[in-house]
Amino acid sequence: MAKSIQDFLVELDTNSKLMEAYKSDPVATAKKYGLPADEVKIIADKNWDELSKRFDDTSKTIRVISY
């Protein structure tokens with residue numbers, strides 16, 4: 001399975017070495033992780049709106065929360 005920007009964001013949250021590399025050079029880190037060029041461009045352009053659209057799955061998933 002190809003790696004996606006969603007996988008990359010989850011990995012950033014759980015992998016401190018990857019996060020440190022990302023802080024130093026986000027674009028190179030994304031490329032090395034194996035993201036496709038269009039997703040690396042989102043990071044390079046700092047297009048956070050597009051990133052939110054791709055990562056946000058609230059339109060796809062119904063979540064039931066009970067307390």
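Rounding to the nearest 0.5 Å gives a distance of 9.0 Å between CG of D7 and CD of E39. Between the CE atom of M19 and the OG1 atom of T14 there is a distance of 9.5 Å, given to the nearest 0.5 Å. The distance from the CG atom of N47 to the CG atom of D49 is 6.0 Å, given to the nearest 0.5 Å. For the atom pair L9 CG and Y22 OH, the distance stands at 7.5 Å (nearest 0.5 Å).
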Inset, instruction - Would you check, one step at a time, whether the test side-chain contact (heavy atoms from CB on, under 4.5 Å) holds for V27 with K31? - result: CA-CA 6 Å; V27 174; K31 286 179 183 177; 3.8 Å; yes
Inset, instruction - Please assess E20 against K23 for the test salt bridge (Lys or Arg N to Asp or Glu O under 4.0 Å), listing each intermediate value before the final yes or no. - result: CA-CA 5 Å; E20 288 304 314; K23 287 178 183 177; 3.7 Å; yes
Inset, instruction - Tell me, with the steps shown, if F8 and Q6 meet side-chain contact (heavy atoms from CB on, under 4.5 Å). - result: CA-CA 5 Å; F8 182 64; Q6 291 91 346; over 6 Å; no
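Between W48 and K46 there is a side-chain heavy-atom pair separated by less than 4.5 Å.
Closest of all the heavy-atom pairs between P36 and K3 is CD-O, 3.8 Å. Closest heavy-atom contact between A30 and I43: CB-CD1, 3.7 Å. Of all non-hydrogen atoms in E11 and L18, the two that sit nearest each other are CG-CD2, 3.2 Å.
Judged purely by atom type and a 3.5 angstrom limit, D45 has no side-chain atom pairing as donor or acceptor with the backbone of I42.
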